[in-house]
**Q** 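Just dropping this structure here.
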Amino acid sequence: MLRSLVVRTLSLVRPTAPRPVRSYVTARQIVIEKEAMKKAEMLVNVRTSIPEPTLAPHALRYLRTDPLLSQLVNMIMRDGKKARAERLVQTALLDIRRHTNTDPMRVLSDAINLACPLMDTKSARQGSKVVQVPRALSLRQRRRRAIVWILDSADRRNERCFSMRLSGELQAIVNGTSGVLEKKLLLHKAVLANRSFIRTNTRKLRK
């Protein structure tokens, strides 16, 4: 009885560390996001002049995270350490806020929209040779290609930590001095050079 009293007293005196807040996207959240994207209004993107599904503010309330931010975190994550990836993105956004004195989410969105390619090429066999056939990309595919380029270019910067490199690369894209924009331009030139290989459906309708 004395031992149990001592253990109980020590448990009251010993400071307990706060439980970490788990931030994850459940299967139900993925379903809600897909349904919201299907019902989203198609608005023309000012940067690309292409209509894209845009979620209304009342629809964003039912999502656990922003779709663009969630995709960025998931691509940065390594070995399942999502909390660490979220901290890196948070530090990068705070650094953008400190340097630009503007909304960091707006800078992030503008940078990814500027880096998004509209089309890419896919290898296909035509006769006895392999050609590059242009194809259109969905919104998520365009963002993924842009994020891959941004992370690859950020790794080549001279800042000490990853958050500072990511922040500097996003600001460089907005300022127009990043090599990511050159990659996008080269990809679009390759698409234009291979536009003759685009396959169209020429099937005739029955009368």
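Both backbone and side-chain heavy atoms feed into the values below; hydrogens, waters and symmetry mates do not. What you are looking at is a predicted structure, and each value in this text was computed from that prediction instead of being measured.
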**Q** Could you tell me which non-hydrogen atom of Leu93 sits nearest to which non-hydrogen atom of Met105, and how far apart they are?
**A**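 Result for this residue pair: CD1-SD, 4.2 Å.
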**Q** Can you find a pair of side-chain heavy atoms, one from Thr102 and one from Arg97, that are under 4.5 Å apart?
**A**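 In short, these two side chains do not touch, never coming nearer than 4.5 Å.
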**Q** Linking I/L/V/M/F/W/Y whenever their side-chain heavy atoms sit closer than 4.5 Å, directly or via other members, would Met164 and Val73 fall into one cluster?
**A**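 No, it is not one cluster - the side chains of Met164 and Val73 are not joined through contacts under 4.5 Å.
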**Q** Does CG belonging to Asn175 count more than 12 external heavy atoms closer than 6.0 Å?
**A** yes
**Q** Within the structure provided, determine whether Thr91 and Phe162 are in side-chain contact (heavy-atom separation under 4.5 Å).
**A** no
**Q** When rounded to the nearest 0.5 angstrom, what distance separates CD in Gln90 from CG in Leu69?
**A** 10.0 Å
**Q** Check whether any side-chain heavy atom of Asn74 sits under 4.5 Å from a side-chain heavy atom of Lys82, and report yes or no.
**A** yes
**Q** Measuring from atom CZ of Arg143 to atom SG of Cys116, what distance do you get when rounded to the nearest 0.5 angstrom?
**A** 7.0 Å
**Q** On a heavy-atom basis, which atom in Arg145 and which in Leu187 lie closest, and how many Å separate them?
**A** NH1-CD2, 3.6 Å
**Q** Looking at Met75, is its backbone amide N or carbonyl O close enough to the side chain of Arg78 to form a donor-acceptor pair, meaning the two atoms are under 3.5 Å apart?
**A** yes
**Q** Taking all heavy atoms of Arg142 and all of Pro117, pick out the closest pair and write down the distance.
**A**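 Minimum heavy-atom separation between Arg142 and Pro117: CD-O, 2.9 Å.
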**Q** Does the side chain of Asp103 come within less than 4.5 Å of Val107's, by heavy atoms?
**A**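 Not in contact.
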**Q** Could you measure the distance from the CG atom of Leu166 to the CD atom of Glu159? Nearest 0.5 Å is fine.
**A**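 The CD atom of Glu159 is 10.5 Å from CG of Leu166, to the nearest 0.5 Å.
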**Q** Contact between Leu72 and Leu108 at the side-chain level, heavy atoms closer than 4.5 Å - yes or no?
**A** yes
**Q** How long is the gap from CD1 on Ile96 to OG on Ser163, to the nearest 0.5 Å?
**A** 10.0 Å
**Q** Taking the side chain as every heavy atom from C-beta outward, state whether Arg144 and Gln71 have any pair of such atoms under 4.5 Å apart.
**A**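 The answer is yes; the side chains approach within 4.5 Å.
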**Q** More than 12 heavy atoms of other residues, nucleotides or ligands under 6.0 Å from CD of Gln141: is that the case?
**A** yes
**Q** Check whether His99 reaches the backbone of Leu94 with its side chain - one donor and one acceptor, N or O, closer than 3.5 Å.
**A** no
**Q** Before giving the answer on salt bridge (Lys or Arg N to Asp or Glu O under 4.0 Å), spell out for Lys183 and Asp152 the whole-Å C-alpha distance, their side-chain angles and the decisive distance to 0.1 Å.
**A** CA-CA 11 Å; Lys183 292 183 180 180; Asp152 185 41; 3.2 Å; yes
**Q** Backbone N or O of Ala190 within a donor-acceptor pair of the Asn194 side chain at under 3.5 Å?
**A**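 Side chain of Asn194 to backbone of Ala190: a pair is present.
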**Q** Run Leu137 and Leu118 through side chain to side chain contact (heavy atoms under 4.5 Å, CB included) and show every step you take.
**A** CA-CA 6 Å; Leu137 299 176; Leu118 304 179; over 6 Å; no
**Q** Give me the atom names and distance for the closest heavy-atom approach of Arg165 to Ala154.
**A** CD-O, 3.0 Å
**Q** Is Val131 close to Val133 at the side-chain level, that is, under 4.5 Å between some pair of heavy atoms?
**A** yes
**Q** More than 12 foreign heavy atoms under 6.0 Å from CZ of Arg160: is that the case here?
**A** no
**Q** For Val191, give me all partners under side chain to side chain contact (heavy atoms under 4.5 Å, CB included), at least two apart in sequence or on another chain.
**A**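 With neighbours one apart ignored, the set is Met119, Thr121, Pro134.
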**Q** Identify whether Val148 and Met77 are in the same connected component of the hydrophobic contact network (ILVMFWY, side-chain heavy atoms under 4.5 Å).
**A**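 Per the 4.5 Å side-chain linkage, Val148 and Met77 are not co-clustered.
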**Q** Side-chain heavy atoms under 4.5 angstrom apart, residues restricted to Ile, Leu, Val, Met, Phe, Trp, Tyr: same cluster for Val180 and Leu186?
**A** no
**Q** In Å, rounded to the nearest 0.5 Å, how long is the span from CH2 of Trp149 to CG of Leu181?
**A** 9.5 Å
**Q** Compute whether any side-chain donor of one residue and acceptor of the other, for Gln171 and Thr100, lie under 3.5 angstrom apart.
**A**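 Per modelled atom types, Gln171 and Thr100 side chains form no pair under 3.5 Å.
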**Q** May I ask you to check whether over 12 heavy atoms, not counting those of Arg157, lie within 6.0 Å of atom CZ?
**A**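 Yes - once you tally the heavy atoms of other residues, nucleotides and ligands closer than 6.0 Å, there are more than 12.
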**Q** Please indicate whether Arg195 has more than 12 foreign heavy atoms, meaning atoms of other residues, nucleotides or ligands, lying under 6.0 Å from its CZ.
**A**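 Atom CZ in Arg195 is not packed in, count stays at 12 or less.
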**Q** Do Leu185 and Ile112 sit in one hydrophobic cluster, given that two such residues count as connected whenever their side-chain heavy atoms are within less than 4.5 Å of each other, even indirectly?
**A** no
**Q** Roughly how far, to the nearest 0.5 Å, is the OG atom of Ser153 from the CG atom of Leu151?
**A** 9.5 Å
**Q** Of the non-hydrogen atoms in Leu114 and Ile173, which two are nearest, and what is the gap between them?
**A** CD1-O, 3.8 Å
